[in-house]
Amino acid sequence: MKNGVMDKRVLQEEPFKTVGSIVELFQDNMDDARRIISIIDEINRNSEEIAGA
């Protein structure tokens with residue numbers, strides 16, 4: 001995370017990599033995985049709006 005922006009690639013790094021990818025972790029409930037990605041996208045959009053203000 002830097003300047004209020006989170007790169008979704010961090011979900012593929014440690015400590016997440018040890019327990020599996022987001023697809024593996026949420027294979028039985030992809031709605032939760034999509035919700036997590038959506039929240040990250042929203043955080044990133046908010047940081048862009050604030051930076052541009």
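Remember, it's a predicted structure, so these values are computed and weren't measured experimentally.
- When all heavy atoms are compared, the tightest approach of Gly20 to Leu25 is O-CD1, 3.7 Å.
- When the side-chain hydrogen bond (donor to acceptor under 3.5 Å, both in side chains) test is applied to Asn44, no partner is found at least two apart in sequence or on another chain.
- The line from CD of Gln27 to OG of Ser21 is 8.5 Å long, rounded to the nearest 0.5 Å.
- Just one of Asp41, Ile39, Asn46 meets the side-chain contact (heavy atoms from CB on, under 4.5 Å) condition when paired with Ile43; it is Ile39.
- When side chains are defined from C-beta on, Ile37 counts as touching Leu11, because their heavy atoms get closer than 4.5 Å.
- Not counting sequence neighbours, the partners of Thr18 by the side-chain hydrogen bond (donor to acceptor under 3.5 Å, both in side chains) test are Glu14.
- Sorted by first and then second residue, the salt bridge (Lys or Arg N to Asp or Glu O under 4.0 Å) pairs involving residues 17-31 (not counting sequence neighbours) are Asp31-Arg34.
- Listed by chain and number, the residues in a side-chain hydrogen bond (donor to acceptor under 3.5 Å, both in side chains) with Glu13 amount to none (sequence neighbours excluded).
- Ile36 is linked by a side chain to side chain contact (heavy atoms under 4.5 Å, CB included) to Ile22, Phe26, Ile40, counting only residues two or more places apart in sequence or in another chain.
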